[in-house]
**Q** 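Dropping a structure here in structure tokens format, bear with me for questions.
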Amino acid sequence: MEELSVIKIGYACQALAVEDTQLRSCIMKNADEERLKEIIAYNLDALERIMEYNRAQEITLFRISSELVPFGSSPVNSLKWDLRFAERFREIGRKLKEYGIRVSMHPGQYTVLNSPDTAVVKRAVEDLEYHCKVLDALKTAPDSKLILHVGGIYQDKEAAMKRFEDNYKLLHDGIKARLVLENDDKSYTISDVLELGLKLGIPVVFDHLHNRINCSDPSKNDSFWIEASKSTWKDIDGRQKIHYSQQEGGKKPGSHSLTIETREFVRYYESILFHDLDVMLEVKDKNLSAVKCILLITPESKGIQDLEKEWARYKYTVLERAPHIYQEIRTLLKDKTSYPAVQFYSLIDEACKEPENIGHSVNAAMHIWGYFKHQATEKEKTAFLKSIENYRLGSASSSALKRQLERLTRKYGNPYLAASYYFLLS
DNA sequence: TGACGTCAAGATCCG
DNA sequence: CGGATCTTGACGTCA
């Protein structure tokens, strides 16, 4: 029997508009044992809350931020954090398993394994060990990956690739079992990376936008490269992964877009849907786009009530940008037998592109104020009305207004508003 | 030497 | 004094 291909969608590092999930950090000179312990404990709690959110949204793919343990790979942090917090890591790991969430990590552009400078390589190895230790402490399966770029060129790509091979061989087996290579936006194309991956037995993540910027062969489409990368994924490595992002218009090539644009995404999805893939989105609005893309491509397991939940989170943003679209979406969602996901998100995309309009923004702010006007103190009332006036006159920004309303939302504990995307400053 | 990317912490300013 | 706003940090490569 033929199995249907499945596309799963995930997002990276942060869950926006989810309370108490923002990771904390500190600067090096303040990184004493006391503070580090406090931050790690907090960050693990935050990670657990992100996973609860992911489960509720049926998101089963997530990248854990490298910031989870501040200075996790530096002598500045001499805590045996993996042992000290072993039980907390295990608890979270159990939930990952129970919820079916596949996690990965992605050391940044400053982790360079192929540097000619041995001190840089040493730090790169330490950094990989840190990331690996997090995944090990969570007791994740071998399909939980560590994604890395090849590194720099140093005027001689061949020699630099050879150095990658040599240094890779020195890594311990725990890291090798998790390491995955990705094509980057300026040095190593997908064919370079495939050459290394096939030779060394390392799975390869194909990055859509990087390949557009740093293209190895304009005559080949994404489907070709996905197929070419497929054989680098062995059974034990889990489902093949790719990265997907869109170019932010008007910014330099490679800049990630603020959100995943609906119609462009649907077109892309249709071009890859015959592959079985985990797709990691790299986009500024993180989980917002993940929820969007999941609702766009999995209509069989979703219904109009899911769009209505999304509408509850988007409505004030739409109201402040484009009241006519607000009305249009209300009409669109009236037919409870329909599932107009593409139209719904296209309208939201359209609304978000509208420029700020003072009258509309005041209107939306007054709607939110309506939740508090009876419980707010006189002082809060005076302050809010004054801010509205200042905003109207052009002497205050809308973000000041939103901060004020967000503070009231937290103070008076309104969970409906707390989940609203309205407060994510534009 | 500074851009690149990231984004909260830290520092400073303001009322 | 608290809140708003501006600056710094931490990493490696490359021009």
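Side chains included, hydrogens not; waters and symmetry mates left out as well; all remaining heavy atoms used. Just so we're on the same page: letters track the sequence lines, and every chain starts at 1.
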**Q** Check whether A:Thr21 reaches the backbone of A:Ala15 with its side chain - one donor and one acceptor, N or O, closer than 3.5 Å.
**A**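 Confirmed, A:Thr21 side chain pairs with A:Ala15 backbone.
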**Q** Taking all non-hydrogen atoms of both residues into account, name the closest pair between A:Leu146 and A:Ile175 and its distance.
**A**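 Closest pair (atom of A:Leu146, atom of A:Ile175, distance): CD2-CG2, 4.4 Å.
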**Q** Would you classify A:Lys186 as touching base, sugar-phosphate or nothing, given that sugar-phosphate means primed atoms plus P, OP1 and OP2, and contacts are heavy atoms under 4.0 Å?
**A**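 Nothing, no nucleic acid heavy atom in range.
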**Q** Parallel under 30°, tilted from 30 to 60°, perpendicular over 60°: which one fits the rings of A:Tyr244 and A:Tyr268?
**A**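 Parallel, since the angle between the ring planes stays under 30°.
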**Q** Going 5' to 3' along DNA chain C, between which two nucleotides do contacts with chain A fall, using a heavy-atom cut-off of 4.0 Å?
**A**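 Here the contact window of chain A covers C:dT5 to C:dC14.
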**Q** Do the side chains of A:Lys234 and A:Asp237 get close enough for a salt bridge, i.e. N-O under 4.0 angstrom?
**A**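 Between A:Asp237 and A:Lys234 there is a salt bridge, with a charged N closer than 4.0 Å to a carboxylate O.
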**Q** If you look at every strand shown and take non-hydrogen atoms under 4.0 Å, does A:Ser115 touch a base, only sugar-phosphate, or nothing?
**A**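 The answer is sugar-phosphate, as A:Ser115 gets under 4.0 Å only of primed atoms, P, OP1 or OP2.
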**Q** How does protein contact run along nucleotides 7-15 of chain B, one letter per nucleotide 5' to 3', with B for base contact, S for sugar-phosphate only, - for none, heavy atoms under 4.0 Å?
**A** SSSSS----
**Q** Is the cationic atom of A:Lys176 (NZ for Lys, CZ for Arg) positioned less than 6.0 Å from the six-membered ring centroid of A:Tyr168 and within 45 degrees of its normal?
**A**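 Yes, A:Lys176 sits over the ring of A:Tyr168.
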**Q** Decide, yes or no, whether a salt bridge links A:Glu87 with A:Arg90 under the criterion of side-chain N to carboxylate O below 4.0 Å.
**A**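 Yes, charged N to carboxylate O under 4.0 Å.
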**Q** Check the orientation of A:Tyr316 and A:Tyr422. Use parallel for under 30°, tilted for 30 to 60°, and perpendicular for over 60°.
**A**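 Ring orientation of A:Tyr316 relative to A:Tyr422: perpendicular.
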**Q** Which residue, A:Arg403 or A:Arg123, contacts DNA chain C at a nucleotide closer to its 5' end, judged by nearest heavy atom?
**A**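 Checking each residue's closest nucleotide, the 5'-ward one belongs to A:Arg403.
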